[in-house]
Amino acid sequence: MGSRSRWLVPTALLGLGLFACSLPSDPVAPATELRTEIVRKPDGTAIVRVTFRKSADDGAGREIVAKYQLMRAHGSDAPVPVLSAEPEGASPGPGRAALDDPSAVPGETYRYFVVAHAEREQSKMTGAGGPSSTSRPSAPIRVPDAPAGSPAIAAIGAPTLLGVSSPEASDGRALQIKFRIAADDDGLVVREYRLLRAEGDGPFRAFRHKDIKAGPADGERERSETIAVPPGVAWRFQLFAVPARGEPVAAATTSAAAAAEPSYFNFSHLWLFFLLALTVALTVVFLYIASQPGARLFIRRIPGVDAIEEAVGRSTEMGRPILYVPGIDEIQNIQTIASLLILGRVSEIVARYDTEIRVPCCIPLVAAVGEEMVKQGFYNAGRPDSHKPQNIQWISSEQFAFCAGTNGIMLREKPATNIFLGRFFAESLILAETGYVNRAIQIAGTGEITQLPFFIAACDYTLIGEELFAVSAYMTHEPRLIGTLKAADYVKLVVGVVLLVMTLLLLPATWSRPAVVPQDRAHAAASDPHCVVLGWARRELACEPTKAAAAERMTAYQRDNPPSGFEQFVMKLVGYLQTG
Amino acid sequence: MLEKLATLDRRWLFLVMAIAIIVPLLVPVSLPFEASPPVRATYDAVEALRPGQTVLLSIDYDPAARPEVEPWARAVLRHLLRRRVKIVMMTLWDKAPPIVRSLINEIVLGEYNQRRGYFAPDQPGGRLAQDYAPYRYGEDYVFLGYKDGKEIVIAGMGQNLRQMFPVAEAEREGGDKIPVARIPVLSGISSLRDFALILEASAGFPGAKEYVQQVVTRYRLRFAAATTAVSVTDLSPYYPEQMLGLIGGMRGSAEYEQLVEAPGLGTSGLNVLTFGQIFVILAIVLGNVIFFLQRRLRPRSSPGAGGGVG
Amino acid sequence: MATHEIIGHWILIFLTISILSYLYADNPFYKLAEHLFVGTSIGYVVVVQWFDVIKPNLYDRLTNDALGPARIVYLIPLCLVLFLFAKLVPRFAWLSRISVAFVIGFYAGQNIPAYLNSDLVAQVASTLAAVTRATKPDATWHQMLGAFVLVVGMLSGLVYFFFSRRESGPLNAVARVGVWVLMIGFGASFGYTVQGRISLAIGRALEVFGMNRTAAQAEQLHGKLVAAVCVVVIFGIVAFLEHKRKLREAEAERLAAEQEKRENESR
Amino acid sequence: MKQTLPLVITFLIGTLMVAEFFVPHAGVHELTALLQEWGLVIAAAAFVLGGINVVQVNIPKIARRERDWGYRVVLIGSALAMVIAGFIPASVFKPETGAPLFGKEGIVFTFLFDYVFAPANATMFALLAFFIASAAFRAFRARNLEATLMLSAAIVVMVGVIPVGEWIWSGMPAVKQWILDYANNAGRRAIMVGVALGAVATGLRIILGLERSHLGD
């Protein structure tokens, strides 16, 4: 048997390696047969329409074209396209397509290119957007002069490319581009910013990236954008400001080459990491204490659990089976896992009393694992022969079909004890009511808060939330398992103390402040499209229903009463914890 | 007499309940009501969408939960069409695809594209989008289909939508599935982060809670959901910090219907609901009256189930 | 409407009333509906699981030539599946533990940070957010009271769950407050649930009566008539059966009492 | 070996999954995504075991003509009908126009789903409307302070939800909302924090191999 495990791991690694290597890397075939024409709009302005035959790979083969992008080069002799004329378009699939360039400047001459951006279905190991390919240029076309009296097209200023680096907590497939927006960019003159990228020292090419909107963000003119790039290559970038109409303006300098570096730790989860480390550390401490000879760790009584053995005894006396329902959720839910662990303990008791346990399950995998647990429980009790595998039954994985089937078992076999532990949903009341009418002793436990009132209403004992997770350890009285309970207990203590201290420190601010006119801010906050991404303070300001007045009032107030350092810290922390 | 009442056969309660539901349904009455802030917030968020933005509408309920969330699903779909946004639909519930298909058939293809019902332009309340053009499959809307995997799919979509949904349902039932890479609606959408708004009609697990836990908090998504009334208390901790709107049950659906001025099953159901609910309140009151009378007569008896917390 | 749709609708009404008859008592109609329901649900999930999970995620990948040698990686889940099936063969039953270990380990690990993040850290942060909101100058008195209740309630609730507390002692009094808060929460939850549950019954009534369809369709379906007939027939038969059962039970009881009496006399 | 290997696998995979949360590196995500798919496949394959289980439980009872055996025939029969209708390819009987007879989207399968499964499912769910009335009548009695608090909160919320509530007192919905937002959330969050810690403790017990009954102790 040892040999099996020896080749299991290498095979897995080999498989993964082969998987990664077998991915295609060729770009798609380019678009062909570009033709240009001038289209007059009703208002007299002219736009250039480019028609082309789509990539040969589009709609065939392993490569799939996700997008076509129209690019134009100024003048009739520029060898490479300078910039996209319009955002990407054209629905993928074979055949011909057309793309319009509405921003062409009257009187200028252009040549057009069509870039086909690939997107692979099976790509798992590469970044967003497959390699793209650029078509041969169209013949030069001159845009007709504007009708007399048209307003002149104003030139816009250039943006500044500040630097390129891997963003924080990067998965190794993204680069963050820092730039300063054009001096006259008010969000209207400039339509958007676009990037070209170059692989190493190669030429700059178009690539697919998300739209970089114009205008200051959060009032800041220095901005950053995170762009997905394929890993393992150093990229250089060139930034353009694209005006609403007219020629794009490039930043004075291109960026230095930078490769996307993956991060190995997400620092925005640092607090969580500390909390987890604290839990693990406390667990280790308590495991050590538990391992000391004669260690006795106290935990309070949980009456619902004490009742289980009693109820099993009663069932035995009445000669009726025990019903154990491990919830209806999949095995991936921790409540189900906790319930299955309890099932093992309960079946041990059942085996000792030599009575019968019925376990209807909603999920086949839960039934499979549950059967193992029961088998093991009977084995531990020294009665492996009394175990009847058919008593662990898969009913149906449909919630109410399962409920109907379990109801049937309750109605016709009349178990004297019903134990419902795990994750339950709406069926909880149907099960508990049927059990109540049957006069069974009922013990329920779940972390599902919405179902707890029904269990409380119809069951004799109800385990609330965390108590469910304590059952398995509680039933064994094994110091090591109790130790993990203790560890969680002390984390709870820490959490409670933190909450209390923070609240107390925030309180003085409340008393010292006068009340201003109340507003229905919950509603206002939620209705503003920007609210979710802003910090709390901005949100409160930006979202007042009577924006101007309220904002003014608050600004004045905050100017006069700046928040204390501690308040600022709490606000920062809260915002951070909520989003991290 | 009191003894008899205390151990009243519960079937009498069932009978009265049935009457409380069926009679108002057959003899309609209507009561005025106002939209609550979380519902209005959702409405406002949809109202704030610009034409051409892409919205994810996840339909996660089964036939059993239809009466509660479907009125909202219909109302919001109409609202989205009116806003002329691109709609990506999907589901995490294996029994939902027929529901989604019928929503598409009735509202997108039937009403909007045919300019009927709510969208009839010649009717006084007709609410066609300003830049009207029929919605086309793949270009203006798409139904990705059902994906098994529950919250794992949600987490996965947060990172890469296309990996989770490599193919989408075809326009016609039984047709070949379409690779998502070839669907124009999804251009520029690689993960949940790229949607202007994520809306969900959620009837339980996996649903709104999993969205919040797996992705909304993590990526700061704009998310609103309609849920069954049961889940409202479960989700209200997330409003308004994590969820920008929350529509609770038939009542919430009715409020939304009122906001978009398309009264439907939610509104008519709400009136019936009132009677059923009053009956439940009366049942509690009656139970307590009996309990106190009984206690006065025999101070130490304790009837009914012992609802001990253990 | 097609004929099969109309007949289907009548079957729907019959099944609906059959299941509702359970409210009166367990009876053959309910049993029939229950078993039909469980049976179709099993058939349904088996078909769905095959077409939606196993076929695309395993079968299609193993047989897809385009994937090339990368397919080898999918032999691992195949092995895990076979291991799981090994439980049917007692000699190799232990192999299934490998699959179980894989699944349990995977989800146990995944749950740890997920729960800590969204159910612990985010909830504490939301509470603190409510407190900061209450300290703002424009906070209303109900927001301040709310923040107070929130913090006190949450802390005392945590104390209730504190397993290291002794049965008697000051912490117990705090825990008692915690229980009150939990109970208010449960009450609110119940109150909200009522609405949802009644909506479901309304939904059934709407469907049975054909009220969620167009007027023309509803006319063809005769929902109200068929429902009335079903109610009368099913509940009539069920009431009759119940009556007979009660008579039988009374008879059995009488016989038992007589027997007991006779035994007592003979003793 | 039979005991250690599963323990080692649990530990390695569990630790990897915890690490996945903290490590943004794309490689880790890809690996876990792959493992995730395998988990799904295992769970789906278990349906075969489930099917075997259904047969194992029901067929002997039918063979022995146990009580209610006829209903078990109905159960097996309807399950088989659904499976057979679903698995026969749609191309077997396909009319010129309209939907095919067989297959997952075929007439037979959708008929059984729409007119047997769906209504039964919804009606089972709707039973709750009735049970909730009896539960309210029986269990919501002001036996002690805890029960009184529960029933008062329930009544306030119920009245706040219906239009009549607004009609009685316009502040009713606001009171309802306050209870939901604060009083309800306080208890709920306490439970959530507890559940989170319980989940973490259980998870750690499993990963560290302290709890190993599922692996055969």
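Just so you know, these numbers use all the heavy atoms, side chains as well, and skip hydrogens, waters and symmetry mates. In the text below, chain A, chain B and the rest are named by the order of the sequence lines, each starting its count at 1. Not measured: the values here are computed from a predicted model.
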| task | May I ask you to check whether over 12 heavy atoms, not counting those of F85(C), lie within 6.0 Å of atom CZ? | result | yes
Taking [options] one by one, which has the highest count of heavy-atom pairs under 4.5 Å against chain C?
options                   : value
K486(A), R412(A), Q451(A) : R412(A)
F402(A), Y474(A), F400(A) : F400(A)
A470(A), A426(A), G405(A) : A426(A)

Any side-chain heavy-atom pair from [X] and [Y] closer than 4.5 angstrom?
X       : Y       : value
V131(C) : M502(A) : no
L78(C)  : L75(C)  : yes
F83(C)  : F102(C) : no
V38(C)  : E398(A) : no
P28(C)  : L241(C) : yes

Per-residue contact mode, [X] against chain C (heavy atom under 4.5 angstrom):
X       : value
I334(A) : both
I449(A) : both
N333(A) : both
I395(A) : both
F273(A) : neither

Part of [X] within contact of chain A (heavy atom distance under 4.5 Å):
X       : result
L120(C) : side chain
Y115(C) : side chain
L84(C)  : side chain
T193(C) : side chain
S118(C) : neither
V100(C) : side chain

Among [options], single out the residue with the greatest number of heavy-atom pairs under 4.5 Å to chain A.
options                          : value
F186(C), Y107(C), F163(C)        : F163(C)
Y192(C), Y44(C), F162(C)         : F162(C)
S189(C), S41(C), S96(C), A147(C) : S41(C)

| query | Hey, does the Lys NZ or Arg CZ of R166(C) hover above the aromatic six-ring of F298(A), less than 6.0 Å from the centre and inside 45° of the axis? | reply | yes
| task | Tell me, please, whether Y160(C) has R300(A) positioned over its six-membered ring: NZ or CZ under 6.0 Å from the ring centre and within 45 degrees of its axis? | result | yes
| task | Kindly say whether the aromatic ring centers of Y490(A) and F286(A) come within a distance under 6.0 Å. | result | yes
| query | Hey, would you say the Y24(C) and Y30(C) ring centroids sit under 6.0 Å apart? | reply | no
| task | Answer yes when R301(A) and E467(A) have at least one side-chain N-carboxylate O distance shorter than 4.0 Å, and no when they do not. | result | no
